[in-house]
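Here is the structure we will look at.
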Amino acid sequence: MQTLITVIEQIERELMISQDQLTAIAKKFKTAMEDSLADKDKTLKMLPSFLSVPTGRETGQFLAIDFGGTNVRVLSAQLAGKGQATITAQSSRPLKAADGSYNHIAATATAEQLFDFIAAQVAALVPDTAIYPLGHTFSFPAKQLGLNEAYLMHWTKEIATAGVENQDINQLLAAALARRQLSHVRPQVVLNDTVGTLLTSAYSDTHTDIGSICGTGHNTAYVEAAVPGFAAPMVINIESGNFNQLPFTRYDDQLDAASEQPGAQRLEKMTSGRYVGELLQIIVLELLAQGLFTNQPAALTNVFQQPAIFNGADVACLLADETTELTDIAAWLERRFTLTDTAISERQVLKRAAAAITLRSARLIAATFIGILLRIDPTLSRPHTIAVDGSLYEKMPGYAAAIEQALAQVFPQPAFPLTTRLTKDGSGLGAAIAVASAVAAR
Ligand code: BGC
């Protein structure tokens, strides 16, 4: 007979990424990178950033916009040289108001509304009419033709604002700044958040050659030694979230089919904070439909069938409970969903499903890091630092450790340090560092 426990064991097996799979996925990822570099297959977009790693000696005060999809953050950063970068002022606002009063990321919103909103944040941080060089972190696949010319290829993370796809992001921003009488704010560089994270870590740690975001979205950038027509090694934004040679489950297929862009961003949909809660919901609803929750199925169904019931933070709450009776989860279910009297077996199943989803996420992402290392230094003949930012990596219990364990499985005793490191504020600070290096290079 199928019980809740036998079924969850089965689900854990389906979501497990074995060591063999880790290596196989890494090899496929490396091949996909190389196919894209050779213009054979562009599943991985491998977008040039026109940026090299900084020296750590760049100095100055710079403005930065960090536009990632959930919030827009504007900051002023001080680079003191010697690898020291500090945020001196900042403001952040959600792109979608919790009370429903505005939503700049829905299909009904326009490019002008979105960029006017961003320009208003900039205005709040600019006290006078002096010239302000600005770096713009724009965390979406953008085809870059130069440091400051980048066209949005398509939205990700379920954003749908009209009139931005295929447009030059810098021109949209410059026009909004002009409408706000902010023409003295001078955008100089557009970059991806993964590129910013890499630059921020490289500013103080010269071994950094991989930068990644494990947050609402997922993506990785790395330093490619040989880019035709570019003298120095160049940071490449892989757009790894679109990788698709992966062991999909029926849960992944269901999530993909219901998403804004079916078929796109398959790795991201298996790994990132925007989607882990949705995967959990799909699994829980399947268990409910199979009649496996017997304690209070009607109450659970009422709650769990509401759209987008879990977010990444909920998944983190489930994982954080270390009590034997899972009393923290019980309290959380009551607080969050007014669900009382849950059975311990139900709470265990929620936690185990959440753990299986996040462990899979960490191991899949580790597989892509291994793929990059296989491309740039397969024998690990020098130290490497992988800089990571994002809520999953920072806050999901056990997540960073799971990535490290997966790396250690494939590279058990590297001759040189292979380090993964949280790089907080990488996407914002990286924009300032990018402007500073662009100014220095002129
Ligand atoms: C975007 C990437 C971005 C990542 C992390 C993905 O959805 O395609 O450009 O780096 O999210 O923010």
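Predicted model only: the values in this text are computed from it and were never measured. Counting starts at 1 for both ligands and their atoms, in listed order.
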Next on the checklist: With a 4.0 Å cut-off on N to O distance, would you call Asp425 and Arg73 a salt bridge?
Outcome noted: yes
Checklist entry - Can you tell me the protein heavy atom closest to atom 6 (C) of ligand 1 and the distance? => result Glu268 OE2, 2.9 Å
Item to check | Cation-aromatic face contact Lys96/Tyr102, 6.0 Å, 45 degrees | outcome: no
Next on the checklist: Quick check: closest heavy atoms across Thr23 and Val410, and the distance to 0.1 Å?
Outcome noted: OG1-CG2, 4.2 Å
Checklist entry - For ligand 1, which atoms, with element, lie under 4.0 Å from some heavy atom of Gln265? => result 7 (O), 8 (O)
Checklist entry - Quick one: CG on Leu51 to CE on Met234, what's the gap to the nearest 0.5 Å? => result 8.0 Å
Next on the checklist: Distance under 4.0 Å to a non-hydrogen atom of Thr156: what atoms of ligand 1 satisfy this?
Outcome noted: 1 (C), 6 (C), 7 (O), 8 (O)
Checklist outcome for this item: Nearest non-hydrogen contact to atom 2 (C) of ligand 1 from the set His154, Met153, Glu158, Glu239 belongs to Glu239
Next on the checklist: Considering Asn237, Asp193, Asp389 one by one, which has a heavy atom nearer to atom 5 (C) of ligand 1 than any of the others?
Outcome noted: Asp193
Checklist entry - Heavy atom under 4.0 Å from ligand 1: found in His218's side chain, backbone, both, or neither? => result backbone
Checklist entry - Between Asn219 and Ser240, what is the shortest heavy-atom contact and its length? => result OD1-N, 2.9 Å
Checklist entry - Out of curiosity, is Gly241 lining ligand 1, as in a heavy atom under 4.0 Å away? => result no
Checklist entry - Taking the six-membered ring of Phe248, is NZ or CZ of Arg266 closer than 6.0 Å to its centre and within 45° of its axis? => result yes
Checklist entry - Can you find an N/O atom of Thr194 closer than 3.5 Å to an N/O atom of ligand 1? => result no
Checklist entry - Between Phe117 and His104, what is the ring plane arrangement, given parallel below 30°, perpendicular above 60°, and tilted in between? => result tilted
Item to check | Heavy-atom nearest neighbour in the protein, as seen from atom 4 (C) of ligand 1, with distance rounded to 0.1 Å | outcome: Asn219 CB, 3.6 Å
